[in-house]
Amino acid sequence: MVSSPARANALLSVQGLVKRFPGVTALGGVDFDVRAGEVHCLLGQNGAGKSTLIKVLSGAHRPDEGEIRWRGEVVEFGNPTAAMRSGVAAIYQELDLVAGLSVADNVFLGHELSTAGFSRRAEARRRTRALLDRLGHRDISPDRDVGRLSVAHQQVVSMARALSLDGQLLIMDEPSAVLDPDEVRVLFGVIRELTAQGVAVIYISHRLAEIREIGDRVTVLKDGRTVATGLPAREVKTSELISLMTGRVLDNVYPQRASLDPAAPEVLVVRGLADGDRFAGVDLTVRAGEVVGLAGLVGSGRSEILETVYGARKAAEGTVEVDGRRLRRGSVGAAVRAGMGLCPEERKSQGLLLDQAVYRNITVSSMSSFAKFGFLDDRAERVRSSQLTEALDVRPAGVDRLVRGLSGGNQQKVVLARWLLRECRVLLLDEPTRGVDVGARSEIYELVRQLADSGVAVVVVSSDVEEVLGLADRVLVVREGRVVHDGPADEIDESRVLDLVMEGQPA
Amino acid sequence: MSEDTAVPTQQRTPVAKESGISALLGSAAGRNTGLVVALVLLCIGGVVTAGDRFADIDNVLTILRLAAVIGVVSIGMTFVITGGGIDLSVGAIVALSSVWATTLATQGIANDTHWIVMVFTALLVGGACGLVNGALIAYGRVVAFIATLASLAAARGLAEIISNRKTQIVNVPGFAAFFDASVLGIPVLVVIFALVAVGGWVLLNRTTFGRRTFAVGGNPEAARLAGIDVRRHTVMLYSLLGLCCGLAAVMLIARTTTGSATHGGLYELDAIAAVVIGGTLLSGGRGTIAGTVFGVLIFTTLSNVFTLNNLSISAQAVAKGAIIVVAVLLQQRLARRSGA
Amino acid sequence: MSEDTAVPTQQRTPVAKESGISALLGSAAGRNTGLVVALVLLCIGGVVTAGDRFADIDNVLTILRLAAVIGVVSIGMTFVITGGGIDLSVGAIVALSSVWATTLATQGIANDTHWIVMVFTALLVGGACGLVNGALIAYGRVVAFIATLASLAAARGLAEIISNRKTQIVNVPGFAAFFDASVLGIPVLVVIFALVAVGGWVLLNRTTFGRRTFAVGGNPEAARLAGIDVRRHTVMLYSLLGLCCGLAAVMLIARTTTGSATHGGLYELDAIAAVVIGGTLLSGGRGTIAGTVFGVLIFTTLSNVFTLNNLSISAQAVAKGAIIVVAVLLQQRLARRSGA
Amino acid sequence: GNTPEPQGGGNQSGGVKVANDEPGKKVVIGFSAPAADHGWMAAITDAAKKEAGKYSDVELRVVEGTNDPNLQISQVETFINDKVDAIVLLPFDGAALTPVALKAMKAGITVINVDRQFDSPFAARSTVLGDNYGMGVSAGTYVCERLKDKPGSVVAEIAGIDSLPLTQDRSKGFAQALAGCGLKVGNRVAAEFTVESGERAAANLLQAAPKIDALWNHDDDQGVGVTAAIKNSGRSEFFMVGGAGSANVMREIKADNGPHKATVIYPSTQGADGIRLARLAVQNKSLGDLVEVEIPRQVQLYAPVVTKDNVDRYLPTAFES
Ligand SMILES: Nc1ncnc2c1ncn2[C@@H]1O[C@H](COP(=O)(O)OP(=O)(O)OP(=O)(O)O)[C@@H](O)[C@H]1O
Ligand SMILES: Nc1ncnc2c1ncn2[C@@H]1O[C@H](COP(=O)(O)OP(=O)(O)OP(=O)(O)O)[C@@H](O)[C@H]1O
Ligand SMILES: [Mg+2]
Ligand SMILES: [Mg+2]
């Protein structure tokens, strides 16, 4: 490949990068370059190789082939420290923080502030405070145990950590996936500040709107290869991006709502659910075929409401009924037997058996339907699972793969497949499209709609207000553990929801 | 590492795995190449240094008989460790079961009715101990290490109190006769071990119980949210191990014709070592019965080869340490090469 | 579970943690309420049943002296377990160090020069053993349980070979005199234990090394991505524990005036039990030195109270089991209530 | 001029029974004992090896010492498979090893039982026994002699591994002998035959008993630790009686510079006696000083008290712990 003059000026340029894992080529030849002071966006479907690319660039993986130039010099980042020394800082997709250590400790892990080996704790705390303030989070204490923060706050800590490295190149792998709109705004402010100082940013997101807002140039990956690079982020057409990414044309993202039968039976009835001061007085009724969306700020308690309905947390008060039968409090088993299913918020720690095969992850909740006298029919499990993974387009295919090796979005599809297999009466989805690409996203919407049409009652929690409005028949807005609005989705718009969500919040 | 280089989008034909004995043997040998190689090397060592005395059928049966008791415990331990637990009290449970099953009272009833009473007593005591362990861990939320350490102390103390620290001799006709017999030339104890191993393999790999064990050990929170009653399952795992300990106690009673509070000394370390060397993850979520069986056989063959060779006792200990490390390294290198 | 209930957007007053001794004591007592209560209950039990004989200052010093040796090992073990590892070979390393430091040759050199030679020998041997363990685990990628089990066998075997299974008596003037002395009425051994505990606390909680230990144990992948050399750190942790074992060997030599291959029997279980009961997570990532010290004190006080009361060993064992469980349950309930 | 103790060292008796020591038919002897986890047990194996080394017609096979009856059984099974001529067996638990010993006898192998007795008379051709009960009695009698004028004296006892029958026998003998002079054991703790455990047990015991008149320690090996603990505590108001009879303690008794004033012998040469008996039995020889043409069924060794007066007689055969 000829190195153009532009290449030579680039802060970072990458040529012919190849990375193979056992059984799969994650990167099959990637070329692109990043200039100082720009926001370079990476786009691609789930499993396209974005995160792998990031890990190679930050020294976490060694490439099998190809060349990385840093300020024109060929470099080899043998380990993360080498990359950090050169000025590359990364926020990984799978949050890599150490639960049990404080926020400040996590921010400075690996580059601790110390004198003769002794930690300068006050200094670390002070600087962490400053970084968090800069990210608009006065509410996170540097002394807090990171493991006790919500995912969103953990994401903020990761960003603080990356900022603390004072890098020349900041890589962010889906930082916005767990943030609410307000927080994304703050994040973008910080990014603009940085680029103004000449720092380059590589930004990964599945939300095209964000790319348009913050990005300068776009590189599209497909199946581990660069299919387009250097596209102007603001001008390029959405349809073009989508077809570059997926190889097909998508138009209407949200499926058509069928008109709801007013006589449909109430499948899920929740009355007066409360859990200490976390949330209280939650009433929720979902009819067969209805999709109910829960909107709210991160940390407003939506996940907890869902988990309590499901019995994963024990309610202090209130009742949950499925098809008119009251469920035992705090028993997941009872909920599952009654036909409930939950796609949890944190797929890695709550949803998946990472070191087990895809098919085992899918059948784990419906084992008995594959068993005679407790003996499992392995073959039937595999056949049914492959049908589902094909339908959901999980890549790479093959139900004997370990889930750990799948990309984030594909892992999410595996969790969904679990409950599709079980044919639930009630499906609770907590951030079902987090980290899922546009193509798959519309497939998931389609699926949810189909499920609802087949008579399933669906509850969706999402931080993406547009998604809630597009998908749900009815919208509930949750604020500080209370339901502050309950009404049909077509009678409310995005700005009204945001108003409700933010009401009483300091701006 | 030689990897296959399929592009992700390319449709991969799902590897069809046949079930049945051939698969069992094939996959067991495949995944445990390193262990098989280690065992074969050990056997070659045995033949070279002790010749016919090692390769003799009687000697092989001696090795297997020795392996049988700790083998049964190790199979139970495989379940507990795969399920994310650990049990330090196995030796003490064996002791307590052996003592309880051989008290004068129990033997009296057995004499009046049938020797099977002793077997049931041992199984009952073992199972009950396991139940207590499991309940403490699952419902009392005491760390497994500490809970079973406490059981270790308590069960051995209880065994000493019951037996009054005397060795209790078995005088029940039929009992010894049954267990000392052979089936087609294979001692009953070895047959029991084989049955437990095969049963354990089926249970772990072919049933919902086994599948849940992997899930509970791999990610208990995910298992819980998937609708598995993790606590009940944990109790069942420890109870199963308790039953195995009870069975091991019966076998030990048969072998020694005694019940004693000193039986089963340090079985916890032996069993855990066999399980872990066999490739079961100490952190849970991955376990193999075949590996455990190989692990037990490696340890017993090792001490048999030492016995045959008249080595100095201290040198044996040093050699044992070295051989363990070599076996593990071998297993790892070969497992990595085969891409597993 | 009552969790803290602040709404996230609400400004949370950061818990101001003062540094210094008061914080050390305060937080140690706070996080270990259950252990403190258990220890206090035990002491009350001691006073009630044995009266002045228990509350006597000499008896307290006896307890502390007994706690000193295993205490030093347990502090080192706290680091290894917090860092996500385990070491079964500590007892064997203590034995090997004690033997090596008291061979005729070493004692000869010590007599010609200074008794400190023996101390350095023990530290060197212990450190070297730890280094080997660490290297096997970090670079050889042998599971810690198996690697240190192998070291256990090898180190004890080596100790027997070197000592020819004889007890080696120390005849170096000055050595015993130094370690038998008291500082302000406190025996030197107890002073050493206290210094190691304070040093360990500082190292774990106030230094980069300590922070990294938590990270390596809590999430090794995150630690790696943060640029920490996880393998080198692991080697350092085991070497540190090895050094502690060497120091414990010196203390044991001083206490018994001998070096012997039988020293340190079952220290691995005692040390791990003390660490885990103290609240250090067996899976790594969380560890407390203060808890370990309480754990050690609980176990030593327990056996002291038993002895003062002339209890039978079997009854002791049963009671010990029960008390361990109660202590842990207590610690858990109280920790949960205090919202920690 | 025969020595009073049959175990009294090979060289002394060897000089007398020339006919018995003459090389005969080759004898393969298997030897198995519990783990050498304390000095006395290590000395047993060492003495047996040394004894076997003296005979050109003896081939000794020593296996790893173990405290697991299951493993010890399989070691004996290996000997049976190997068709050795004789087995000298110091079982971890006599009763537990009985069935396999019977099996060996049935296979025509001469089994010599050492120290811990089988529960069937058919399981061994001959048995060499220490006298655990007698040890306790000897120690108790000695204590009585010294304290007979001081009623109400405090007697303390540090036992060995408490779950072993031999420990219980020793304690029983001691208690009964004391009862004879109206004394009883005031404080008792158990150690584990190791130096370290002796130190630990003694440290606690010394706290438990503020005043002691006599202390019996079952085992001289753990006694090293006990002595260290006594030294640490600075106590000297009592005298101490040892057990087993190590060279260390005998030297201390001779020098009269420590708490030990006596020790009761529990011969560590029993294994060596077993080797000798096994060889004689296989070669169809008899015990020289007996009229019988066969070796006896049972030899029980005496447990004498060693004091400053007679220590010189016992020191040469004492074991170095
Ligand atoms: N450690 C690994 N072992 C095996 N395969 C892996 C590993 N990491 C990634 N892969 C594979 O490499 C490919 C690229 O994955 P990657 O995580 O880079 O995708 P991605 O573009 O970040 O997707 P997503 O948008 O879902 O995060 C996938 O096919 C994945 O299965
Ligand atoms: N186990 C826990 N311990 C302490 N605090 C917790 C715990 N779980 C949740 N929280 C806190 O409770 C708040 C509500 O969390 P929850 O996850 O229910 O909110 P949410 O509306 O679902 O937000 P998100 O979009 O992050 O899922 C969070 O701020 C979090 O910090
Ligand atoms: Mg990704
Ligand atoms: Mg949530």
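From a predicted model like this one, the values you see are computed outputs, not experimental measurements. Lettering follows sequence order; numbering is per chain, from 1.
Heavy atoms of D:Q75 lying under 4.5 Å from chain B belong to its backbone as well as its side chain. For a residue to count as touching a neighbouring chain, one of its non-hydrogen atoms must lie under 4.5 Å from one of that chain's; by this rule B:N304 touches chain D with the side chain only. Proximity to chain D involves both the backbone and the side chain of B:T257, based on heavy atoms less than 4.5 angstrom apart. For D:L60, the part lying under 4.5 angstrom from a heavy atom of chain B is the backbone only. For D:F92, the part sitting under 4.5 Å from any heavy atom of chain B is the side chain, from C-beta outward, and nothing else. Proximity to chain D is limited to the side chain of B:L252, based on heavy atoms less than 4.5 angstrom apart. Contact of B:T258 with chain D is made through the side chain alone, with heavy-atom distances under 4.5 Å.
Looking at D:P69 and B:H263, their side chains come closer than 4.5 Å, going by heavy atoms from C-beta outward. Contact annotation: the side chain of D:T78 never approaches that of B:F54 to less than 4.5 Å [non-hydrogen atoms, C-beta and beyond].
To the nearest 0.5 Å, atoms CE (B:M251) and CG (D:N70) are separated by 8.5 Å. In this structure, OG1 in B:T307 is found 11.5 Å from CZ in D:R61, a value given to the nearest 0.5 Å. Put simply, CG on B:N59 and OG on D:S74 are 9.0 Å apart, with the number rounded to the nearest 0.5 Å. B:R255 CZ to D:L97 CG: the interatomic distance, rounded to the nearest 0.5 Å, is 9.5 Å. Residue B:T256 holds its OG1 atom at 12.0 Å from CD of D:Q72, rounded to the nearest 0.5 Å.
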Would D:D82 and B:L308 satisfy side chain to side chain contact (heavy atoms under 4.5 Å, CB included), going step by step from the backbone distance to the final call? CA-CA 9 Å; D:D82 273 2; B:L308 290 176; 3.8 Å; yes
With side-chain hydrogen bond (donor to acceptor under 3.5 Å, both in side chains) as the test, would you mind laying out the steps for D:N81 and B:R53 before giving the verdict? CA-CA 8 Å; D:N81 294 341; B:R53 291 193 298 142; over 6 Å; no
So D:D68 and B:L266, side chain to side chain contact (heavy atoms under 4.5 Å, CB included) or not? Walk me through it. CA-CA 8 Å; D:D68 178 8; B:L266 293 190; over 6 Å; no
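The number of heavy atoms from other shown groups lying within 6.0 Å of NZ (D:K26) is above 12.
Per-residue heavy-atom pair counts under 4.5 Å with chain B were compared for D:D119, D:N67, D:V100, D:T66, and the maximum is reached by D:D119. Top candidate by heavy-atom pairs under 4.5 Å with chain D, chosen from B:T167, B:N309, B:T300, is B:T167. Top candidate by heavy-atom pairs under 4.5 Å with chain B, chosen from D:A96, D:P99, D:G94, is D:A96. Contact tally against chain D (heavy-atom pairs below 4.5 Å) for B:I253, B:I169, B:D270: the top residue is B:I169.
Nearest approach of B:T62 to D:E77, heavy atoms of both residues: CG2-OE1, 3.4 Å.
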